[in-house]
Amino acid sequence: GLTGMLICAQAVIPVMKKQKSGSIINVCSTYGIVAPDNRIYDEGKFKSIGYASVKGAVPNFTRSLASYLRETGVRVNTLTPGGVFAGQKEEFVKKYSDKTILGRMAKKDEYNGAVLFLASDASTYMTGANLVVDGGWTAL
């Protein structure tokens with residue numbers, strides 16, 4: 001959760017500050033923006049309140065860290081991916097897909113471009129932001 005993000009940031013920030021550049025990408029979740037829809041999971045299973053609560057804190061952790069590092073050349077952003085198809089049960093995939101504008105789950109390589117964008121000089125005027133790539137789940 002957040003402890004891991006903080007430990008990773010603490011490890012890389014000194015190097016990035018010394019080189020006066022760097023890009024930290026924190027990973028959130030759709031459930032960091034909206035509450036879990038427990039109706040899509042098997043009966044008796046659900047996403048924990050703790051998971052959603054921690055993921056909900058990620059964008060503000062990102063904004064706070066970006067503000068703290070504002071004069072160092074280090075940028076801090078959040079990537080919020082949607083669900084990735086990885087052989088889940090057909091019923092779950094259907095329920096999940098029905099919640100997205102694109103009508104499907106992500107393929108495992110569909111976040112590569114977003115990560116490359118955030119890590120590269122293509123996003124040099126972006127810090128403290130949340131890039132949402134979720135097939136339109138949170139747009140509905």
Side-chain angles (χ1 to χ4, degrees):
L2 287 176
T3 303
M5 287 182 193
L6 178 60
I7 291 169
C8 288
Q10 288 174 327
V12 300
I13 287 170
V15 174
M16 291 180 172
K17 283 171 77 173
K18 187 175 180 180
Q19 66 190 18
K20 298 183 176 157
S21 71
S23 176
I24 296 172
I25 305 167
N26 295 317
V27 179
C28 190
S29 164
T30 301
Y31 294 152
I33 299 173
V34 296
D37 184 349
N38 288 307
R39 297 172 299 180
I40 69 172
Y41 299 98
D42 289 339
E43 190 172 327
K45 293 192 176 187
F46 59 92
K47 275 292 182 184
S48 76
I49 293 169
Y51 178 84
S53 299
V54 168
K55 289 300 185 179
V58 172
N60 209 44
F61 171 73
T62 295
R63 289 187 289 268
S64 298
L65 191 56
S67 177
Y68 175 76
L69 296 170
R70 71 186 175 279
E71 295 176 357
T72 65
V74 179
R75 298 177 299 106
V76 188
N77 291 293
T78 297
L79 173 64
T80 298
V84 177
F85 178 73
Q88 295 94 330
K89 291 181 183 177
E90 186 176 334
E91 183 180 347
F92 172 80
V93 173
K94 166 104 175 74
K95 288 178 182 178
Y96 185 98
S97 298
D98 286 346
K99 295 191 66 64
T100 69
I101 291 173
L102 294 180
R104 64 180 179 81
M105 298 184 80
K107 298 170 192 160
K108 64 181 179 181
D109 63 349
E110 288 189 294
Y111 298 109
N112 297 353
V115 172
L116 181 59
F117 169 71
L118 291 174
S120 76
D121 286 345
S123 61
T124 55
Y125 194 59
M126 187 174 178
T127 195
N130 184 9
L131 181 59
V132 180
V133 185
D134 67 358
W137 174 304
T138 58
L140 295 175

Pairwise side-chain contact, [X] with [Y], heavy-atom cut-off 4.5 Å (strictly under):
X      : Y      : result
Phe85  : Glu110 : no
Met5   : Leu2   : yes
Thr80  : Thr138 : no
Asn130 : Ile33  : yes
Pro59  : Arg63  : yes
Asp134 : Thr100 : no

Got a sec: does the [atom1] of [X] have more than 12 other heavy atoms crowding it under 6.0 Å?
X      : atom1 : result
Tyr68  : OH    : no
Asp121 : CG    : no
Ile49  : CD1   : no

> Between Val93 and Met105, does a side-chain contact (heavy atoms from CB on, under 4.5 Å) hold up when you go through it step by step?
Replying inline: CA-CA 7 Å; Val93 173; Met105 298 184 80; 4.0 Å; yes
>> I'd like to know if Asp37 and Arg39 make a salt bridge, using a cut-off of under 4.0 Å between side-chain N and carboxylate O.
In response: yes
> Any Lys/Arg nitrogen of Lys95 or Glu91 sitting under 4.0 Å from an Asp/Glu carboxylate oxygen of the other?
Replying inline: yes
> Does the ring of Tyr41 carry Lys45 above it, NZ/CZ under 6.0 angstrom from centre and within 45° of its axis?
Replying inline: no
Grab the two heavy atoms, one from [X] and one from [Y], that are nearest each other, plus how far apart they are.
X      : Y      : answer
Cys28  : Lys55  : SG-O, 3.2 Å
Val54  : Gly1   : CG1-CA, 3.8 Å
Tyr51  : Ser48  : N-OG, 2.9 Å
Met16  : Ile24  : SD-CG1, 3.9 Å
Leu131 : Ala114 : CD2-CB, 3.9 Å
Arg104 : Ser97  : CA-OG, 3.3 Å

Side-chain ([X]) to main-chain ([Y]) donor-acceptor, under 3.5 angstrom:
X     : Y      : result
Asn77 : Gly128 : yes
Arg75 : Met126 : yes
Thr62 : Val58  : yes

> Atom CG of Leu118 and atom CG of Asn26: how far apart are they, to the nearest 0.5 Å?
Replying inline: 10.5 Å
>> Parallel, tilted or perpendicular: which one describes the rings of Tyr96 and Trp137, with boundaries at 30° and 60°?
In response: tilted
Do you reckon [X] sits in the same ILVMFWY cluster as [Y], going by side-chain contacts under 4.5 Å, direct or chained?
X      : Y      : value
Val132 : Tyr111 : no
Leu6   : Val76  : yes
Tyr31  : Val84  : no

